[in-house]
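Contents: one structure, followed by commentary.
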Amino acid sequence: MMQSWQLWAFGAAGFAALTAILAKIGVEGIDSDLATFIRTIVVVVALGALLAATGKLSLPDPLPGRTLLWLAASGLATGASWLCYFRALKLGEASRVAPVDKLSVVFVAVFAALFLGERLSASGWLGIALITAGALLLLRR
């Protein structure tokens, strides 16, 4: 049986796939930055509604400054990623853009090893190498 994190990770992958297809259709005829802005508003409203419905909309007392700093930095990175992603979708094919975007998996593995001290097994690094190879193959015509 899959553990909870695995179910959520597969859900994230499925919704990311839907994101690519729906965004590719939605970005036609509109500026990619404006499309990103509209998407962001939808995410904020939907998440706010979810938090309100589940009673989680209140902030803990007090929020540590370090927590706010890292979450703000993460938010800026997310925004930059979305801007780049929508621009790439505007210019390229979703079937090629999305797999290259998933090179983030490779970057996470490397950054987690360098900055968080996480370790992957040899088979884990082989998987990372295969992801890299697959993305690079998709870049070719």
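In what follows, residues are counted from 1 in the order of the sequence shown.
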Subject >> Atom pair CZ/CG of F15 and L22 - distance to nearest 0.5 Å >> reply: 10.5 Å
**OP:** Check S123 against S121 and note the closest heavy-atom contact, atom names and distance.
**Re:** OG-OG, 3.0 Å
Original post:
Quick one: do F10 and L18 end up in the same hydrophobic cluster if we chain Ile, Leu, Val, Met, Phe, Trp and Tyr together by side-chain heavy atoms under 4.5 Å apart?
Top reply: no
Original post:
A88 and V97: which non-hydrogen atoms are nearest, and at how many Å?
Top reply: O-CG2, 3.4 Å
Original post:
Taking atom CG of L136 and atom CD1 of I131, what is their separation to the nearest 0.5 Å?
Top reply: 12.0 Å
Original post:
Closest heavy-atom contact between L120 and A109?
Top reply: CD1-CB, 3.9 Å
Original post:
So does W125 have more than 12 non-hydrogen atoms from other groups sitting under 6.0 Å from CH2?
Top reply: yes
Original post:
For the residue pair L138 and P99, what are the closest heavy atoms and their distance?
Top reply: CD1-CB, 3.1 Å
Subject >> Parallel, tilted or perpendicular: rings of F111 and F115 (30°, 60°) >> reply: tilted
Subject >> Heavy-atom closest contact (A94 atom, A20 atom, distance) >> reply: CB-O, 4.3 Å
Subject >> Distance, nearest 0.5 Å, that separates OG1 of T78 from OH of Y85 >> reply: 14.0 Å
Original post:
Got a second to check how far K90's NZ is from K24's NZ, nearest 0.5 Å?
Top reply: 8.0 Å
Original post:
When hydrophobic residues are tied together by side-chain contacts of less than 4.5 Å, even through go-betweens, does F107 share a cluster with V110?
Top reply: yes
Subject >> V100 with V105, same ILVMFWY side-chain cluster at under 4.5 Å >> reply: yes
Subject >> Side-chain donor or acceptor of R96 paired with backbone N/O of L139 under 3.5 Å >> reply: yes
Original post:
Is there a donor-acceptor contact under 3.5 Å from the side chain of T36 to the main chain of S32?
Top reply: yes
Original post:
Do any N or O atoms from the side chain of T132 and from the backbone of I128 form a donor-acceptor pair under 3.5 angstrom?
Top reply: yes
**OP:** Would you mind reporting whether V27 and R87 have side-chain heavy atoms less than 4.5 Å apart?
**Re:** no
Original post:
To the nearest 0.5 Å, how far apart are SG in C84 and CG in D101?
Top reply: 9.5 Å
Original post:
Between I38 and I30, is any pair of side-chain heavy atoms under 4.5 Å apart?
Top reply: yes
Subject >> Side chains of D33 and F37 in contact at under 4.5 Å (non-hydrogen atoms) >> reply: no
Original post:
CG of L63 to CG of L69: how many Å apart, nearest 0.5 Å?
Top reply: 12.5 Å
